[in-house]
Amino acid sequence: MSKFQDYPLLALRGRVVFPNTTVNFDVGRMISLSAVKYAADGDSRIFVCAQKQSDKEEITDDDIFTSGTVVKLRQITRLPGNNLRLSVEGLFRATVRQLRKENGAFVATVEEIAPVHGDPSLEEAYFRTSKEILKEITSSDSRMSKDGVASLDKCSDPDEFVNLAGHYLQIKVEQKQELLECPRTVERLKMTDKLLNDELEIMRLERKINAVVRQNIEKNQKEYYLREQLKAIHTELGDDGEERDELEEKIKAKGMSEEAENKCLKELSRMSRMQTSSPDYNVLRVYLDWMLDLPWGEQTQDTEKLSDAVKVLEADHYGLEKIKERITEYLAVLKRTGGMNAPILCFVGPPGVGKTSIASSVARALGRKFVRMSLGGVKDEAEVRGHRKTYVGAMPGRIISGMKKACSLNPVFLLDEIDKISSDLRGDPADALLEVLDPAQNSTFIDRYIEVPFDLSKVLFITTANSLDTIPAPLLDRMEIIELTGYTHEEKREIAKRYLIDRKRQANGLKSTELTISDGALDEIIEGYTMEAGVRSLERRIDAVCRKAAVKLSGGKAKKLSVTEKNLDSLLGARRYERGGKALKEDEVGAATGLAWTAVGGTTLTIEVSAMHGKGDVLLTGKLGDVMKESARAAISYIRTNSSQYGIDSSVFEKTDIHIHVPEGATPKDGPSAGITMATAILSAFTHKPVKKSIAMTGEITLRGKVLPIGGLKEKALAAHRIGIHDVIIPADNKKDLEEIPQSVRDSINFIEVTDVDAVFRNAILGI
Ligand code: ADP
């Protein structure tokens, strides 16, 4: 047989056919179909070789690898669309020596590639190692088919082994081509050796990756499985597994500080391991609810324009000019500094003068939320700072509770009655308040229940008090005092007309046409039914009138009710206070009217003295404070020293007991300002000369008979005015305070300024 043979050429895409193997593939290109026809017409042999670029449709002789395999067509199946499926068996390797086209097909003149053997022991060595490697491949799952591994295993001829390996290994076309082309058996074995090794390496890597992946999957599966089980347990126990997820989501979405969020998540995970029926579960649940209810990130936007804020302030209250002015200044600075180091305002004044409502008006003016918290009677630090949650029924303190109510980080927070806190063994609430009100500390305020810092630095704190005396000094130090005094009769009438009547009518569902209250009726309510510095009782009385009116109008007969001073008593009952109130009805011996300033505003006090046979003892009754007692003694000493001046026998004091009584014993009274009143009553008792009923007085007395100035003159003057007193003795040094007194009061009262107590006696006691 000639060394060269002609065969039709079939170019395959992406595939190399080796001798000793049977392969199936489809063909469809014209040039391929012609080649198959050529072969089928002849001896069914065909030369197959790989195309260099598998995606190329039209090929020339440059596009094919020149070495390939002569195969025998075993089977030809027609497929739809003119395609053929071929089954071929590889016979031997060959190289193209010449190429021509014939009847639309390539015809190649090829020369067989005969194996070139080298050193047999080297060949044997490579062959054995390959087989060894193959064993390892056999023993585990390879990318080679089982059949492939089996036929390689069985194979005893080195070249055949290489062919089979080339066929079964999943390697690139170029690598396959190299194996096919190479004539030298040793080289071919060496290449196969390396390819098998690579395969083994890849297998090992895959195994490793698989193991890791499996591990991951197993871990996930395990977790999933456990969670499912936990859910099942929870459902079985009747608690909701979803609750936990829901809470977790809420906690993460709340915008808490990092510390708070971590704390919540920790407590949540502790909670989900507990039985729902256990008390601890409940404790943690309540805790988490508290944490979720607090305004961690929420904040309101302040009113943009100061002028808008001022308008709100103006609209809400009558009068109070100085206070509004001061608050306007405060708001202006607050807007500029953003609240940094703003002083804490403290509104001081008697009840019902509008402290609380001014504070809420500040909130409205700024567009902030408003919370109010009464500190009256707070004794325990824990009420401010909370109880540890290990206590049964523990709760956060009032500050945190207030923040929850506010639903915002920057509310106006009113601490009402800061003068009413007291301390006992359980710690001083003032200490906790100091921390709350200190801008340097309050950004990290820690409530014992909440346990993590909460930011109070954006809160605008305002406090109120009736009097400054009982506010602990360090707290007082932090605050800016704004005093609100009582209202005059006229001011009260205006407040009622402009605010209270409308408000109460509305609250009771009455139209303005249905109920009118005349000025005369208002005056009568103010004078006959209330006795106060503020307008709280007035408001209550108006409310009562409105309620009665609602009942009358619901009767159906009347459409409208006009309240005048005539029909007032049919609505409110008999008047409670007579004009002139507690002023003395007649000139009396041993009794004088003093003026005092108490927590509820100015008031009048009748001081009674009786001198009786005894041993010179002094008895003081009526709940008098120490300072008041001391000034009583000073008054007695002054009169004893100067007895001759007033025609009293000095020996009488040794044989007489003096009893000083200030009626309404239930109200505690203190302060030095009743000094001259007590002296007047004592002197009147010893001289048996009466004190004028139309005069009231206030002033401190010294041992030498000097009259010293006192505080709260405006309140006292208003009180005197309320009970219809026309002459008021005041210390000369208080003259400057007269300006503060409303003109209407100044017009109706004659103020007598004195520097010594002798002048007091001469003005007040008849016949001295
Ligand atoms: P306080 O806190 O000083 O005891 P409130 O603020 O409770 O007094 O005031 C009692 C009532 O009187 C409130 O309804 C308040 O609106 C009203 N009020 C007090 N002063 C004025 C005022 N100047 N103008 C309008 N209403 C006032």
Side-chain angles (χ1 to χ4, degrees), residues 310-328 344-365 370-377 402 412-421 460-468 470-471 479 481-508 517 522 525-526 529-547 597-603 712 714-715 718-719 722 740 742 744-745:
V310 176
K311 267 186 218 149
V312 174
L313 269 186
E314 283 294 336
D316 280 358
H317 291 91
Y318 172 79
L320 302 174
E321 302 310 334
K322 274 198 180 152
I323 286 132
K324 286 180 192 164
E325 203 179 297
R326 177 63 196 96
I327 294 176
T328 307
I344 285 141
L345 297 182
C346 177
F347 297 142
V348 184
V353 291
K355 299 182 297 293
T356 312
S357 73
I358 283 253
S360 90
S361 183
V362 169
R364 229 161 65 77
F370 178 67
V371 261
R372 173 178 173 221
M373 176 142 303
S374 175
L375 292 171
V412 171
F413 200 128
L414 181 72
L415 299 168
D416 226 352
E417 305 192 305
I418 197 159
D419 53 336
K420 305 284 189 320
I421 51 170
L460 180 63
F461 286 104
I462 297 182
T463 61
T464 75
N466 288 141
S467 99
L468 296 177
T470 51
I471 302 180
M479 301 191 288
I481 308 301
I482 297 188
E483 279 189 49
L484 285 89
T485 49
Y487 295 116
T488 61
H489 183 102
E490 286 70 24
E491 283 171 331
K492 287 181 186 174
R493 193 198 303 132
E494 283 309 308
I495 293 173
K497 277 165 74 175
R498 296 185 196 201
Y499 297 91
L500 306 181
I501 297 180
D502 270 347
R503 219 181 280 161
K504 290 299 156 193
R505 255 197 308 236
Q506 246 174 27
N508 288 286
I517 303 178
L522 270 181
I525 299 178
I526 295 167
Y529 295 86
T530 67
M531 174 72 74
E532 60 176 352
V535 291
R536 206 173 271 172
S537 313
L538 178 59
E539 194 175 9
R540 270 203 294 272
R541 296 286 164 224
I542 293 173
D543 193 36
V545 169
C546 290
R547 280 199 311 269
W597 184 46
T598 68
V600 294
T603 178
K714 181 183 170 193
E715 298 289 339
L718 289 180
R722 264 202 303 276
E740 280 182 22
S744 60
V745 176

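Counting starts at 1 for both ligands and their atoms, in listed order.
Contact residues of ligand 1 (protein heavy atom closer than 4.0 angstrom to a ligand atom; sorted by chain and number): Asp316, His317, Tyr318, Leu320, Pro350, Pro351, Gly352, Val353, Gly354, Lys355, Thr356, Ser357, Tyr487, Ile495, Tyr499, Arg503, Val535, Arg536, Glu539.
Residues passing the ring-ring contact (aromatic ring centres under 6.0 Å, His included) test with Phe413, sequence neighbours excluded: Phe461.
Taken to the nearest 0.5 Å, the NZ atom of Lys504 stands 12.0 Å off from the CD1 atom of Ile517.
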For this session: Given side-chain hydrogen bond (donor to acceptor under 3.5 Å, both in side chains), test His489 with Ser744 step by step and report yes or no.
Result: CA-CA 9 Å; His489 183 102; Ser744 60; over 6 Å; no

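With respect to the salt-bridge test (charged N to carboxylate O, under 4.0 angstrom), the residues Arg540 and Asp543 do not qualify. Remark: Lys492 does not engage Glu532 in a salt bridge, criterion side-chain N to carboxylate O under 4.0 Å.
The side-chain heavy atoms of Lys714 and Pro742, taken from C-beta on, include a pair separated by under 4.5 Å.
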